[in-house]
Amino acid sequence: MSAPVLAIDARSANATQRAGVGSFCTELLRALPNVAGDWRLLVYLDAPPREAFPLSTAQANFRVLPRGPLWTQRMLPAALAADRPDVYFSPLTHLPFRCPCKAMAMVHDL
């Protein structure tokens with residue numbers, strides 16, 4: 001049996017200047033390898049990871065999808081369907097309308 005896969009929208013951690021959600025996502029990604037156990041990490045980005053990105057290719061698999069309007073609704077669902085992760089996590093409140101896997105989103109500042 002293969003290890004379960006956690007897919008993450010990490011675009012906010014790949015920003016040149018991080019604040020708010022970007023800082024949260026960065027720290028989450030830094031901590032995940034230490035607590036993920038057998039889970040494999042699959043990181044979705046819309047640009048190659050910057051030098052200061054919090055994960056390395058030894059810690060996670062990276063998938064860079066084309067940039068575009070409505071990225072979460074147009075680019076991401078096809079990638080999720082092809083990659084078939086066990087769970088998809090968004091550090092934003094944005095989830096694909098037609099998400100082909102279990103999904104969760106973080107809601108900040110309630």
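This structure is a prediction, so every number in the text was calculated from the model and none was measured. Count residues from 1 along the sequence.
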ask   = Above 12 or not: heavy atoms from other molecules or residues under 6.0 Å from CZ of R84?
value = no
key: For R63, all residues meeting salt bridge (charged side-chain N to carboxylate O under 4.0 Å, His left out), sequence neighbours excluded   = D83
remark   = By side-chain hydrogen bond (donor to acceptor under 3.5 Å, both in side chains), T26 pairs with (sequence neighbours left out) R18
Please tabulate, for side-chain N and O atoms in residues 73-81, each donor-acceptor pair with protein atoms closer than 3.5 Å (sequence neighbours left out).
from	atom 1	to	atom 2	distance (Å)
Q73	OE1	F97	N	2.8
Q73	NE2	L95	O	3.0

query = Considering residues at least two apart in sequence or located in another chain, which fulfil the side-chain contact (heavy atoms from CB on, under 4.5 Å) criterion with S56?
reply = A58, Q59
request  = Could you tell me which residues satisfy salt bridge (charged side-chain N to carboxylate O under 4.0 Å, His left out) with R67, sequence neighbours excluded, listed by chain and number?
outcome  = D46
key: Contact list for residues 86-99, test side-chain hydrogen bond (donor to acceptor under 3.5 Å, both in side chains), sequence neighbours left out   = none
query = Who passes side-chain hydrogen bond (donor to acceptor under 3.5 Å, both in side chains) against D9, sequence neighbours left out?
reply = R11
inquiry  = Just to verify, what does F89 make a ring-ring contact (aromatic ring centres under 6.0 Å, His included) with, not counting sequence neighbours?
reply    = none
request  = Would you please name every residue forming a side-chain hydrogen bond (donor to acceptor under 3.5 Å, both in side chains) with E27, sequence neighbours left out?
outcome  = R30
inquiry  = Tell me which pairs pass ring-ring contact (aromatic ring centres under 6.0 Å, His included) where either residue lies in residues 15-71, with sequence neighbours left out.
reply    = F24-H108, F53-F62
inquiry  = Side-chain heavy atoms under 4.5 Å apart, restricted to Ile/Leu/Val/Met/Phe/Trp/Tyr: what other residues fall into the cluster of V21, or is it alone?
reply    = L92
